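Worth knowing before you read on, the calculation uses all heavy atoms, side chains too, and leaves out hydrogens, waters and symmetry mates. Being a predicted model, the structure only gives us computed values, none of them experimental.
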Amino acid sequence: MYPTALEAHLSARRDSGRKLVVPYVTGGLGRDWFRLVEAVVAAGADAVEIGIPFSDPSIDGPTIQEASARALAGGATAATVLDALSHAGLGVPLVAMTYYNLVFRAGHHRFADDLAAAGFSGVIVPDLPPELAGGWVASADAAGVANILLVAPVTTDERVAMIARRTRGFVY
């Protein structure tokens with residue numbers, strides 16, 4: 001595995017003795033959501049995870065589910081969230097969190113390219129198991145977007161080792 005820009009950024013900060021802070025902001029939640037992103041960066045965030053609203057965020061808890069519902073009700077879409085960030089120049093990596101339905105609907109190559117064009121250096125797709133992610137991972141790698149995999153407290157040691165080999169950027 002090769003180091004990604006996201007991994008290099010976070011590793012350099014960690015190696016300098018920093019404790020890393022990567023806050024989550026739901027994209028499109030209210031008219032001023034982008035100002036919140038700017039505020040967490042100004043407050044010292046090392047990266048920012050941007051939730052791309054989805055109609056059925058079943059893996060998320062009630063707070064993020066409600067935030068997604070409100071963002072969608074306000075007209076947020078993947079395209080509007082990416083567009084709002086496309087010229088942000090925030091100075092820290094952005095990591096998208098979304099669901100595979102949005103990736104699949106857009107197409108692997110297009111979605112990966114759209115993420116990269118909007119300034120994202122990583123993405124978390126929690127409902128896509130690594131065993132089924134080959135085409136998506138190839139597209140994300142080609143676009144320079146780190147595909148970040150998740151480990152749960154109940155994940156077996158063997159599966160943790162497999163996920164650690166296949167993840168890019170960091171293990172969530």
Any chance [atom1] of [X] has more than 12 other-residue heavy atoms, nucleotides or ligands included, within less than 6.0 Å?
| X | atom1 | value |
| --- | --- | --- |
| R70 | CZ | no |
| R110 | CZ | no |
| F34 | CZ | yes |

Measure the [atom1]-[atom2] distance between [X] and [Y] for me, rounded to the nearest 0.5 Å.
| X | Y | atom1 | atom2 | answer |
| --- | --- | --- | --- | --- |
| S16 | R13 | OG | CZ | 8.0 Å |
| I124 | D127 | CD1 | CG | 12.0 Å |
| R14 | L20 | CZ | CG | 7.0 Å |
| I163 | L149 | CD1 | CG | 6.0 Å |

Report task. Could you label the plane-to-plane angle of the F54 and Y99 rings as parallel, tilted or perpendicular, counting under 30° as parallel and over 60° as perpendicular? Result ->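 Ring orientation, 0 to 90° scale: parallel.
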Sub-3.5 Å donor-acceptor pair from the side chain of [X] to the main-chain atoms of [Y], do we have one?
| X | Y | result |
| --- | --- | --- |
| S11 | A8 | no |
| H109 | A140 | no |
| T80 | A76 | no |
| T155 | A152 | yes |
| N147 | R168 | no |
| T167 | A164 | no |

Answer yes or no: is there a side-chain heavy-atom contact under 4.5 Å between [X] and [Y]?
| X | Y | result |
| --- | --- | --- |
| L102 | V125 | no |
| V123 | I148 | no |
| E38 | L90 | yes |
| L128 | W136 | yes |
| V25 | E49 | no |
| S121 | L94 | no |
| I52 | L115 | yes |

Please report the closest heavy-atom contact between [X] and [Y], naming both atoms and the distance.
| X | Y | value |
| --- | --- | --- |
| G27 | P53 | O-CG, 3.1 Å |
| Y24 | G51 | OH-CA, 3.2 Å |
| L6 | G122 | CD2-CA, 4.2 Å |
| Y100 | H108 | OH-NE2, 2.7 Å |
| D113 | A143 | OD1-CB, 3.7 Å |
| F120 | V145 | O-CG2, 3.8 Å |

Are [X] and [Y] in one and the same hydrophobic cluster, where Ile, Leu, Val, Met, Phe, Trp and Tyr link if side-chain heavy atoms are under 4.5 Å apart?
| X | Y | result |
| --- | --- | --- |
| V92 | L85 | yes |
| F104 | L82 | yes |
| M162 | V160 | yes |
| V22 | V81 | no |

Report task. Using a strict cut-off of less than 4.0 Å between a Lys/Arg side-chain nitrogen and an Asp/Glu carboxylate oxygen, indicate whether E131 and R159 qualify as a salt bridge. Result ->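 Salt bridge between E131 and R159, a charged N being under 4.0 Å from a carboxylate O: yes.
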Query raised in the report: Which residues pass the ring-ring contact (aromatic ring centres under 6.0 Å, His included) test with F111, sequence neighbours left out?
Result: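 So F111 forms no ring-ring contact (aromatic ring centres under 6.0 Å, His included) with any residue.
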Requested in this report: Run the ring-centre check on F170 versus H9 and record whether the distance is less than 6.0 Å.
Outcome: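 No: the rings miss the under 6.0 Å criterion.
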Query raised in the report: Testing V37, T26, V95 for side chain to side chain contact (heavy atoms under 4.5 Å, CB included) with I50, which one passes?
Result: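 Exactly one option meets the side chain to side chain contact (heavy atoms under 4.5 Å, CB included) with I50, and it is V37.
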